Amino acid sequence: EKSQPGQIKDLKESRIEACKAELVKALGELAEGTRFNIVAFSAEAWKYQEKMIVANAANVKAAQGWVAKLGPESSTNIRDALGLAFALGR
């Protein structure tokens, strides 16, 4: 079966929306005082905050808002994203 125009884009958008929904849910379930950060990636990787932050109502809500604004881009540079994530733990 041939794919229809826009079908690949729709699949990419639905996958990222599912990932975002799960991340928003996970953020909402963080225990008060848990240290966290988020690393997003596409062709490049970037951190939500420069350093780990403490989970409290305001920080979690702000992080959930940041996640909601993420959208699909060109490619997936997992290598740089993992490098940033591992560096946060140092």
Side-chain angles (χ1 to χ4, degrees):
E1 180 177 315
K2 289 186 176 184
S3 62
Q4 299 298 314
Q7 193 172 24
I8 301 241
K9 182 179 181 221
D10 293 344
L11 177 61
K12 185 183 283 189
E13 287 177 1
S14 65
R15 287 191 338 211
I16 195 165
E17 291 305 318
C19 290
K20 287 168 38 176
E22 289 299 318
L23 180 52
V24 165
K25 179 181 172 187
L27 288 166
E29 295 173 354
L30 287 174
E32 184 87 13
T34 301
R35 293 175 64 225
F36 77 99
N37 204 341
I38 304 165
V39 175
F41 61 96
S42 184
E44 297 179 25
W46 59 99
K47 298 178 280 191
Y48 169 59
Q49 296 290 326
E50 190 57 35
K51 297 182 178 186
M52 303 285 274
I53 60 173
V54 175
N56 59 38
N59 285 345
V60 167
K61 184 175 181 178
Q64 289 171 325
W66 185 81
V67 169
K69 293 177 185 174
L70 294 173
E73 293 187 21
S74 60
S75 61
T76 53
N77 183 354
I78 190 80
R79 182 177 180 269
D80 286 354
L82 288 172
L84 284 176
F86 289 131
L88 285 169
R90 291 186 199 154

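Since we're looking at a predicted model, the values are computed, not measured.
Atom CG of Asn56 sits about 12.5 Å away from atom NZ of Lys61, to the nearest 0.5 Å.
For the side-chain contact (heavy atoms from CB on, under 4.5 Å) with Ile38, the lone residue among Leu70, Val67, Ile53 that qualifies is Val67.
Under the 4.5 Å side-chain heavy-atom criterion for Ile, Leu, Val, Met, Phe, Trp and Tyr, Leu88 and Leu23 are members of distinct hydrophobic clusters. The hydrophobic clustering, which links ILVMFWY residues whose side-chain heavy atoms are closer than 4.5 Å, places Ile16 and Phe41 apart.
More than 12 heavy-atom neighbours from other residues, nucleotides or ligands sit within 6.0 angstrom of CD on Gln49.
The shortest heavy-atom contact between Ala55 and Val60 is CB-CG2, 4.0 Å. Listed here is the closest heavy atom pair of Asn77 and Ala43: ND2-O, 3.2 Å.
A donor-acceptor pair under 3.5 Å is formed between the side chain of Asn59 and the backbone N or O of Val54. Looking only at distances, no side-chain donor or acceptor of Tyr48 sits under 3.5 Å from a matching main-chain atom of Trp66. A donor-acceptor distance shorter than 3.5 angstrom exists from the side chain of Asn37 to the backbone of Lys51, with no hydrogens or angles considered.
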